[in-house]
Novice: 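Below: one structure in structure tokens.
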Amino acid sequence: MSTTTHRRVKLATHAPEFYQALLALDAQSTTGLDPLLVNLVRIRASQLNGCAYCLDMHTLDARHEGDTEQRLYLLSAWREARKFYSEKEQAALGLTEAITLISVDHVPDDVYEIAANAFEDKELAQLIGLIITINAWTRVGVTGHMEPGHYNPS
């Protein structure tokens, strides 16, 4: 499979209203959620979707917010490294995987129930919105061949 092409459109340039709406959705999706949890969710979805740009951005954000290198390195194997993640983070990661890989098993009842028990309804709704939003962004990044290495957390 070739990953090169002569031309990839930039959504920010050619669909600016859509891009701005996605930025607004992204800003709203984190409301009321712990910044460390937000970054873990974004990184895990980006790992599953293979978006280098998003991985670069969100690992830098996580470090900027004070997350540890060890937690970031172990994230792809979080089930085997549960002691590094709170029960709430584990519930969020399980739901992130289910929603990101929705075509595999949809969202299994047991995964949803674990998340529903870990989060209040409003917080759970925000988490679902966050997961949906990062999956949209990873598709923008992968489709547009966005290059990592240019992001600086502010």
Side-chain angles (χ1 to χ4, degrees), residues 10-76 78-79 81-144 146 148 150-154:
K10 293 188 178 0
L11 289 181
T13 301
H14 299 288
E17 294 85 4
F18 172 83
Y19 194 81
Q20 289 301 315
L22 191 53
L23 284 171
L25 182 65
D26 186 64
Q28 196 287 325
S29 73
T30 64
T31 302
L33 297 175
D34 179 307
L36 294 180
L37 181 126
V38 166
N39 288 320
L40 291 177
V41 165
R42 287 174 169 168
I43 293 165
R44 188 65 188 126
S46 299
Q47 288 173 335
L48 294 169
N49 288 320
C51 183
Y53 181 84
C54 292
L55 280 167
D56 181 50
M57 174 186 287
H58 300 304
T59 55
L60 289 171
D61 285 341
R63 287 184 191 108
H64 184 75
E65 292 287 340
D67 215 332
T68 67
E69 296 290 317
Q70 192 169 28
R71 281 172 33 103
L72 298 178
Y73 294 147
L74 292 170
L75 186 55
S76 65
W78 66 271
R79 283 184 178 81
R82 288 183 185 267
K83 74 177 190 176
F84 294 96
Y85 308 97
S86 70
E87 286 186 32
K88 211 170 190 179
E89 289 170 337
Q90 292 175 45
L93 292 169
L95 189 61
T96 299
E97 290 177 354
I99 293 173
T100 300
L101 303 172
I102 202 161
S103 67
V104 175
D105 286 322
H106 291 240
V107 178
D109 289 339
D110 61 326
V111 171
Y112 191 91
E113 184 177 346
I114 290 168
N117 288 331
F119 294 92
E120 297 294 326
D121 287 354
K122 180 169 178 42
E123 196 176 25
L124 180 59
Q126 284 297 135
L127 175 62
I128 292 167
L130 171 66
I131 296 166
I132 291 167
T133 303
I134 186 55
N135 275 286
W137 277 121
T138 60
R139 280 142 179 83
V140 169
V142 172
T143 302
M146 293 175 70
H150 306 289
Y151 178 74
N152 186 16
S154 53

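Basis for what follows: all heavy atoms, side chains included, without hydrogens, waters or symmetry-related copies. Everything quoted here is computed from the prediction, not taken from an experiment.
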Novice: Looking at every heavy atom in both Val142 and Gly50, which two are closest together, and how far apart are they?
Specialist: CG2-O, 3.9 Å
Novice: Tell me the ring-ring contact (aromatic ring centres under 6.0 Å, His included) pairs involving residues 98-128, sequence neighbours left out?
Specialist: none
Novice: Measure the CG-CG distance between Leu72 and Leu75 for me, rounded to the nearest 0.5 Å.
Specialist: 7.0 Å
Novice: Can you tell me how far the CD1 atom of Ile43 sits from the SG atom of Cys51, to the nearest 0.5 Å?
Specialist: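 Output value for this atom pair is 12.5 Å.
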Novice: What residues form a side-chain contact (heavy atoms from CB on, under 4.5 Å) with Ala15, not counting sequence neighbours?
Specialist: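 Applying side-chain contact (heavy atoms from CB on, under 4.5 Å) to Ala15 gives Leu11, Phe18.
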Novice: Atom CD1 of Ile114 and atom CG of Asp109: how far apart are they, to the nearest 0.5 Å?
Specialist: 11.0 Å
Novice: Would you list the pairs meeting salt bridge (charged side-chain N to carboxylate O under 4.0 Å, His left out) in which at least one residue belongs to residues 47-63, sequence neighbours left out?
Specialist: Arg63-Glu69
Novice: Check Ala45 against Ile134 and note the closest heavy-atom contact, atom names and distance.
Specialist: CB-CG2, 3.6 Å
Novice: Could you tell me which residues satisfy side-chain contact (heavy atoms from CB on, under 4.5 Å) with Pro35, sequence neighbours excluded, listed by chain and number?
Specialist: Glu65
Novice: Tell me, which pairs form a salt bridge (charged side-chain N to carboxylate O under 4.0 Å, His left out) where one or both residues lie in residues 126-139, sequence neighbours left out?
Specialist: none
Novice: Once side-chain contact (heavy atoms from CB on, under 4.5 Å) is applied, do any residues pair with Gln28, and if so which ones, sequence neighbours excluded?
Specialist: Thr31, Gln126
Novice: Apply side chain to side chain donor-acceptor pair (under 3.5 Å) to Thr100 and list each qualifying residue two or more places apart in sequence or on a separate chain.
Specialist: Asn135
Novice: Taking only residues at least two apart or on different chains, which pairs with a member in residues 32-54 satisfy ring-ring contact (aromatic ring centres under 6.0 Å, His included)?
Specialist: none
Novice: Pairs of donor and acceptor atoms involving the side chains of residues 88-97, under 3.5 Å and at least two apart or interchain, shall be tabulated with distances.
Specialist:
unit_1, atom_1, unit_2, atom_2, d
Lys88, NZ, Glu123, OE1, 3.1
Lys88, NZ, Glu123, OE2, 3.3
Glu89, OE1, Arg71, NH1, 2.8
Glu89, OE1, Ser86, N, 2.9
Glu89, OE2, Arg71, NH2, 3.0
Gln90, OE1, Arg82, NH1, 2.5
Gln90, NE2, Arg82, O, 3.2
Gln90, NE2, Tyr85, O, 2.8
Thr96, OG1, Ala92, O, 2.7
Glu97, OE1, Arg79, NH1, 2.6
Glu97, OE1, Arg79, NH2, 2.9
Glu97, OE2, Arg44, NE, 2.8
Glu97, OE2, Arg44, NH2, 3.1
Glu97, OE2, Trp78, NE1, 2.7

Novice: Among residues at least two apart in sequence or on other chains, which ones pass side-chain contact (heavy atoms from CB on, under 4.5 Å) with Asp26?
Specialist: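 Here the qualifying residues are Ser29, Arg42, Thr133, Trp137.
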Novice: Could you measure the distance from the CG atom of Leu37 to the CG atom of Leu130? Nearest 0.5 Å is fine.
Specialist: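 One gets 7.5 Å once the value is rounded to the nearest 0.5 Å.
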Novice: So which heavy atom on Ala116 is nearest to which on Leu124, and how close?
Specialist: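 So the minimum-distance heavy-atom pair works out to CA-CD2, 3.8 Å.
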Novice: Any ring-ring contact (aromatic ring centres under 6.0 Å, His included) pairs touching residues 57-76, not counting sequence neighbours?
Specialist: none
Novice: Of all the heavy-atom pairs spanning Ala136 and Leu22, show the shortest one and how long it is.
Specialist: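 Shortest heavy-atom separation between Ala136 and Leu22 comes out as CB-CD1, 4.0 Å.
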Novice: Can you check whether Asn152 reaches Leu60 side chain to side chain, under 4.5 Å on heavy atoms?
Specialist: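 A side-chain contact is absent here, since even the closest heavy-atom pair is not under 4.5 Å.
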Novice: Please, which pairs that meet side chain to side chain donor-acceptor pair (under 3.5 Å) have at least one residue in residues 10-19, sequence neighbours excluded?
Specialist: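 Output for this query is empty, none listed.
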